Amino acid sequence: MGIINALTSVVNVFAKYDDLFLHALLMTVMLSLATVLISSVLGSLMALMKISGNPILRGIATAYVSFIRGTPLMVQIFMVFYGLPLLGINLPTFEFMGSDFSRFFSGLLALVINSVAYVCEIVRGGIQSIDEGQMEAARSLGFNKRQSMTFIIFPQALKNILPALGNEFVSVIKESSQVSIIGLAELMYITTTVRSISFRSFEPLLIVSILYFILTSVCSLLIKKMEKKLSVSNRSSN
Amino acid sequence: MEREFILEVKNLGKSFKDLEVLKSIDLNVKKGDVVAIIGPSGSGKSTMLRCLNRLEEPTKGEILFHGENILDKKVDINKIRMQIGMVFQQFNLFPHLTVRRNITIALTKLRNMPEAEANATADRLLEMVGLAEKADVYPASLSGGQKQRIAIARSLAMNPEIILFDEPTSALDPEMVGEVLQVMKDLAKAGMTMLVVTHEMGFAREVASKVIFLDGGYVLTEGAPEEVFEHAEHERVKAFLAKVM
Ligand SMILES: Nc1ncnc2c1ncn2[C@@H]1O[C@H](COP(=O)(O)OP(=O)(O)OP(=O)(O)O)[C@@H](O)[C@H]1O
Ligand SMILES: [Mg+2]
């Protein structure tokens, strides 16, 4: 089979199932975006716990981060999927973007639980990269700890945090493919579906890799732009 | 009746774990005093200064500011810090804010001063330190001497009763030391109460009303500059002075 034939075949498969793919693409984007938005908030809170003076809060955050980062995402996904019902949480199963809601929720929850640990480290790193003298200068003017964080430390840390959060988004896009195992109709799941109904195994995989690649490339490009913009306005050094 | 001393330090001690840096420090400061704090490296000069606004938490003793012990649990240290300014060796200007905003941020956020009034205050202070034209730039574009003058203006904005200086000229290129010392001299002349950790013996001799020599966790010698510099009796003080002068 020549290369032309192969390409034609790929185009044909995509043309036939394009709405399935595009729908799944949207699902992947929504899932990843929701994950990063939610875990940005929760991860920041966890970062504050991790740098707080309270040893209990610090302990909880440290244990959580090590546990999540030290276990496979796949295991976490299964644990959420099978664990929720055990906890007596049975979500309604209405349709949500071509996938039942309880699966969407389980997938989102598992991704959030995972991503929070990584975001926590990003935010903590961003805050701790700010010179200690900044906090001391703020405190010596009479700002309390919280005000110093809000007005002085966090605005500076954000310049490190935002690009890193962008990279986390790219990671989540790729890792979200793993929630296909619980039947959430995102890109990877649909690829499997198309493979079985079209009796073509390679073409759907090629299509999905291209879609993932476009997605992550666009994101990386946007992050680079943002980094440039931030570094122009970055008046680092005293 | 006004107290004789604005600041009274009694039996102040500070340990880091097993390291007892300050053993027992006593010090009285009158309004308008300029106290130069000298001593060998590692003798605890910075630690002592930082105890005075509780950037370091003392392990024992009392620090009375207008007769009130600021180590008391009931004291709102943030209120006290508004009245005791601090200038750092590394300037510690806020790099994400313009020079003017560096000076006004505490006024608007902590004193709830209207922005226009805070800006006017900033411009007046910038005029005073000779940097009126730098109001709208960011700190990164300034020289070390300019940064330190802005840092002094920033601490002056809160209208403090005392300013603590920790080696304010040590991070500067030699040619910029003079401009910062000049601002400090002007402040001293205007009656500002200042405690200055310094290696600038010339400045100490010329401007200080009192010099204290710190070593081994104690104030070994204190007195007027000429007493300390010319008639030092303590061997350690003599040895130190011989080395730095
Ligand atoms: N946060 C800290 N933790 C542990 N040890 C400390 C800390 N800060 C200071 N020290 C120690 O306390 C001692 C006194 O330090 P300090 O910085 O007060 O000295 P200094 O007189 O200001 O010295 P220099 O002239 O070099 O600035 C030193 O031995 C230093 O290592
Ligand atoms: Mg020091």
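Predicted model, so just to flag it, every value in this text is computed and none were measured. Quick note on labels: first sequence line is chain A, next is B, and so on, each numbered from 1. Just so you know, these numbers use all the heavy atoms, side chains as well, and skip hydrogens, waters and symmetry mates.
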Can A:Ile152 and B:Ile105 be said to form a side-chain contact (heavy atoms from CB on, under 4.5 Å), step by step? CA-CA 10 Å; A:Ile152 306 302; B:Ile105 187 162; 4.2 Å; yes
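Shown here for B:Leu110 and A:Gln147, the closest heavy-atom pair between the two residues is CD2-OE1, 3.4 Å. The two residues B:Leu55 and A:Arg139 make their nearest non-hydrogen contact at CD2-CB, 4.1 Å. The two residues B:Asn78 and A:Phe143 come nearest to each other via the heavy atoms OD1-O, 3.6 Å. Of all non-hydrogen atoms in B:Phe94 and A:Ala137, the two that sit nearest each other are CE2-CB, 3.9 Å.
The CD atom of A:Glu132 sits 12.5 Å away from the CD atom of B:Gln90 when rounded to the nearest 0.5 Å. Taking OG from A:Ser140 and CG from B:Leu52, the interatomic distance works out to 13.0 Å, rounded to the nearest 0.5 Å. Taken to the nearest 0.5 Å, the CZ atom of A:Phe154 stands 12.0 Å off from the NE2 atom of B:His96. Between B:Met82 atom CE and A:Leu141 atom CG the span is 9.5 Å, to the nearest 0.5 Å.
By the 4.5 Å heavy-atom criterion applied to side chains, A:Glu136 and B:Met86 are not counted as neighbours. Within the 4.5 Å cutoff, the side chain of B:Asn92 has heavy atoms near those of the A:Asp131 side chain.
More than 12 heavy atoms of other residues, nucleotides or ligands lie within 6.0 Å of CG in A:Leu87, so this atom counts as buried by the packing criterion. Within a 6.0 Å sphere centred on CD of B:Glu133, heavy atoms belonging to other residues, nucleotides or ligands number more than 12.
There is no contact between B:Ile80 and chain A, counting heavy-atom distances below 4.5 Å. Interface remark: B:Arg154 contributes backbone and side-chain atoms alike to the contact with chain A (heavy atom separation under 4.5 Å).
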